[in-house]
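Contents: one structure, followed by commentary.
Quick note on labels: first sequence line is chain A, next is B, and so on, each numbered from 1.
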Number of protein chains: 2
Amino acid sequence: MISKLLDPQSVALVGASPKPGTVGYVILENLVTRFRGAVYPVNPKYDEVELWGRKLKFYKSVSEIDATVDVVVVATPAPTVPSIVEEAGRRGIPAAVVISSGFAEAGNQELEQRLASAARQYGVRLLGPNCIGVYNAFSNFDTLFLPLDRAGRPPPGPLALISQSGAVAAAIMDWAARRGIGLGLVVNYGNKADVTEVELIEHFAADDRIRVITIYLEGFKYRGEAAKFLNAVRKTVPKKPVVVYKAGRGRAAQRAVRSHTAAMAGTYEMYKGLFSQAGALEASSVREMFDMAKALATQPIPRGPRALVVSDSGGMAIQAVDALEALGLEVPEVPESIARELKRELLPFAAVSNPIDVTGSATDQHYKVVLDALLPTAFFDMALVITLMQVPGLTKNLAEYIIDSRRYGKPIAVVNFGGSELVQRFEEVLEDSGIPVYPTPERAAKALWALYKYGEIRRRL
Amino acid sequence: MISKLLDPQSVALVGASPKPGTVGYVILENLVTRFRGAVYPVNPKYDEVELWGRKLKFYKSVSEIDATVDVVVVATPAPTVPSIVEEAGRRGIPAAVVISSGFAEAGNQELEQRLASAARQYGVRLLGPNCIGVYNAFSNFDTLFLPLDRAGRPPPGPLALISQSGAVAAAIMDWAARRGIGLGLVVNYGNKADVTEVELIEHFAADDRIRVITIYLEGFKYRGEAAKFLNAVRKTVPKKPVVVYKAGRGRAAQRAVRSHTAAMAGTYEMYKGLFSQAGALEASSVREMFDMAKALATQPIPRGPRALVVSDSGGMAIQAVDALEALGLEVPEVPESIARELKRELLPFAAVSNPIDVTGSATDQHYKVVLDALLPTAFFDMALVITLMQVPGLTKNLAEYIIDSRRYGKPIAVVNFGGSELVQRFEEVLEDSGIPVYPTPERAAKALWALYKYGEIRRRL
């Protein structure tokens, strides 16, 4: 059962260690100090050790644990793993995360097959081997062997990440932690001897805590996987968006994919076609994947492609219009009657067409006037709001006006750029209230495009 | 003389004010508290005022100042400006920065013409009107009317920015200040009644403190400007690179350009052709412009297009290869004999082709082995080094190994991603030693491409 793998209430850690710096120590520390559930360290070398201010009982084996265990996390040398999983299976433990490496990725196909058949025989669902496993921000179930000062842990939130690369997953987590991005569930499946991305997609599709599924994919490995992927994504997309970044596109990159994950790279065009058919949104980089995900998790779906652009910098507004048009979105002019009205309420030199340039002498109130006059009308489907807070007249109250505009039920993306304290506080207030903020007009435009595109996909499927 | 505009030793500020919050106050504070030169406040309303812990003498007019004045900064209502510039001219002041707005941009063409002819008549070189003027990080000559807590000021360094938009310039400065990017000179020329970007390019071409010129351009305004721009850039490029970002590409964007700077937008294809003919590097966003500039200011020019990619994450390496190939750079395989040697020195499961994957179990030493074995050879022209510091075996010593590799005389770009303290300290050490660091493989690849492309342009011109 995948839910026991990702959301266990009790965990046995085989290979738990009291020696700082070891893999078994780091995972034990994660679990003992932060996991909201029962933890059973397993290592025949120890009986009882005092760690992190508490007395920890060590078990000789999983069989010795006299309580329910939902998942066993295994971090022992590769040759010992199949029998540990077998024992866990006999003991009735339904799931295993195998961190250990030294299987197919190291040429030991035979050992991996023994592991897989042990799991199959006893009905144990197995993640890995050769993976960093699971990070669950809701329960702090965390099998990463990377200490917190090296790889930050993001806060709970509506995004899930399924990653074929462990290091990429860890780097994304570290970045998301710093940015306060709510990446609630992260899974790296390593050699996928049993559980594949397809089942993880299906699981997250049904998980109400997750609003957007992101996937970092290098390539499929087995025959028939592409068809299963297509099917799983297609079923998911009517419920929630799936954003995928496929690494390995060119020729040299595909050589690297083969050596990295032994995946059948296939041509990039094949993958591209597959994503489009399945209704997945394709990102062109990891960063873009999260730019899109952030908007998809917080904003409504627009009814059409028409964007309102409002800015205190004509220059930035132009960049935004460039980016929106290049993506096929529209930036229609403001109807004459409303433009006349705006002309009266904004500064004499403001541009009241679209993009609307409230100018560098603008006040918070000018943005409010524009948003209230145009966002409720039938002429615009979304808003890209540029707020260069370096100009003298803007204050943090502007954030409130933008947040208030959510009531018009149309997606909003904000562009904010700079580094002062004011800029950062302003961004935090917006993001905490569910308005995505981007440092460039291009990135905000792409996020709005993702919302529009997802709407189109939903209508189609 | 442009040098008096950008590098004055003495400044008169007409419209200086002791009233906090006014434009005349903010500029006065910049100059009095930070400028390394003489400052003469001019405002007939005041005689002597105590400000920032010193007694400031106010002058009635520029004529009253009994010392050399290199530049007059004017921040008084538009109608008063022509006569102030006239008086400055009579007084022998060679340059003026006019911050005041209310000229051609507000429909007052006639007033702007009077201003321009006053300047011409007395040989005063004039920046503006309607501009934020100059920021010089070397001398702290700073005419921005934006206080420091709103718009940060970047440290001295080898980049110059010429910006057609004042708000964009201020936002870039704020961002560069936060990132520690050495943006030594920033100029915003507003309505360009006299000094244009062409003369600024020529001036920076001859300024030895500047190694890279960046230009934010919305569009030319006058007949013949395109030809002059072409000529100025062409003459500059053999000495130092010019990177330009042109805003306003699509149709709606051009409508906005016209309303924003009254520039003749022309077709984007015209500009594109012009940049290419002139030998300017074109960036597709403000951020990309500085990604390129950072590399161009610190890295040597590669002899060819062949990139070595070394990474502790196979996934990230694949993304880098994708990006390099998409830009037309090459990622050739490692010669068999060297690959065998690497095989012995790296971990058993490392990939020794190219990209080289030292794996998530790598140590600092593994990077050193790869860089020392390959960077001095004739097989590679540049290196893209990916260091996901989240993996357990890497320390800050890795930065030293990478910095040491500069001795091979080939460009290096580093990709680092995450948010922990370790990641940030590591980045700082690298950047302080002149190794550019990027958060994504795509951005590092684009920076290496800029170096290669600049080499090609130099060979061609």
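In this structure, chain B has no heavy atom under 4.5 Å from any part of Ala177(A). Contacts of Ser101(B) with chain A are absent, with no heavy-atom separation under 4.5 Å from either backbone or side chain. Heavy atoms closer than 4.5 Å to chain A are found in both the backbone and the side chain of Ala170(B). Proximity to chain B (any heavy atom under 4.5 Å) is shown, for Ile172(A), by both the backbone and the side chain. When heavy atoms are compared at a cutoff of 4.5 Å, Val26(A) does not approach chain B at all. For Ser285(B), the parts lying near chain A are the backbone and the side chain together; criterion is any non-hydrogen pair under 4.5 Å.
When all heavy atoms of Val391(B) and Leu146(A) are compared, the pair lying nearest together is CA-CD2, 3.9 Å. What you find for Ala247(B) and Gly315(A) is that their closest heavy atoms are CB-O, 4.3 Å. Scanning all heavy atoms of the two residues, the minimum distance from Asp174(A) to Phe417(B) falls at OD2-O, 4.4 Å. Glu218(A) and Gly314(B) make their closest contact through OE2-C, 4.2 Å (heavy atoms, listed as atom of the first residue, atom of the second, distance). Closest approach of Tyr216(B) and Gln319(A) over heavy atoms only: CE1-NE2, 3.2 Å.
Chosen from Val286(B), Leu144(B), Leu394(B), the residue pairing most often with chain A at heavy-atom distances under 4.5 Å is Leu394(B). If you tally non-hydrogen atom pairs under 4.5 Å between each of Met389(B), Gln390(B), Arg287(B), Glu442(B) and chain A, the highest count goes to Gln390(B). Contact count versus chain B (heavy atoms, under 4.5 Å) is highest, among Pro147(A), Ala171(A), Gly107(A), for Ala171(A). Residue with the most contacts toward chain A among Ala106(B), Gly360(B), Gly21(B), Ser163(B): Ala106(B) (heavy-atom pairs, distance under 4.5 Å). Among Val168(A), Asp149(A), Val23(A), the residue making the largest number of heavy-atom pairs under 4.5 Å with chain B is Val168(A). Heavy-atom pairs under 4.5 Å with chain B peak, among Pro439(A), Pro348(A), Gly152(A), Pro441(A), at Pro439(A).
Applying the side chain to side chain contact (heavy atoms under 4.5 Å, CB included) rule to Gln424(A) yields the partners Arg178(B); only residues at least two apart in sequence or on another chain are considered. By the ring-ring contact (aromatic ring centres under 6.0 Å, His included) test, Phe380(A) is found to be paired with no residue, residues two or more places apart in sequence or in another chain being considered.
Atom CH2 of Trp175(A) is separated from atom OG1 of Thr440(B) by 11.0 Å, given to the nearest 0.5 angstrom. Atoms OG1 and CZ, on Thr395(B) and Arg150(A) in that order, are 8.0 Å from each other to the nearest 0.5 Å.
Residue-environment remark: NZ (Lys343(A)) exceeds the threshold of 12 foreign heavy atoms within 6.0 Å.
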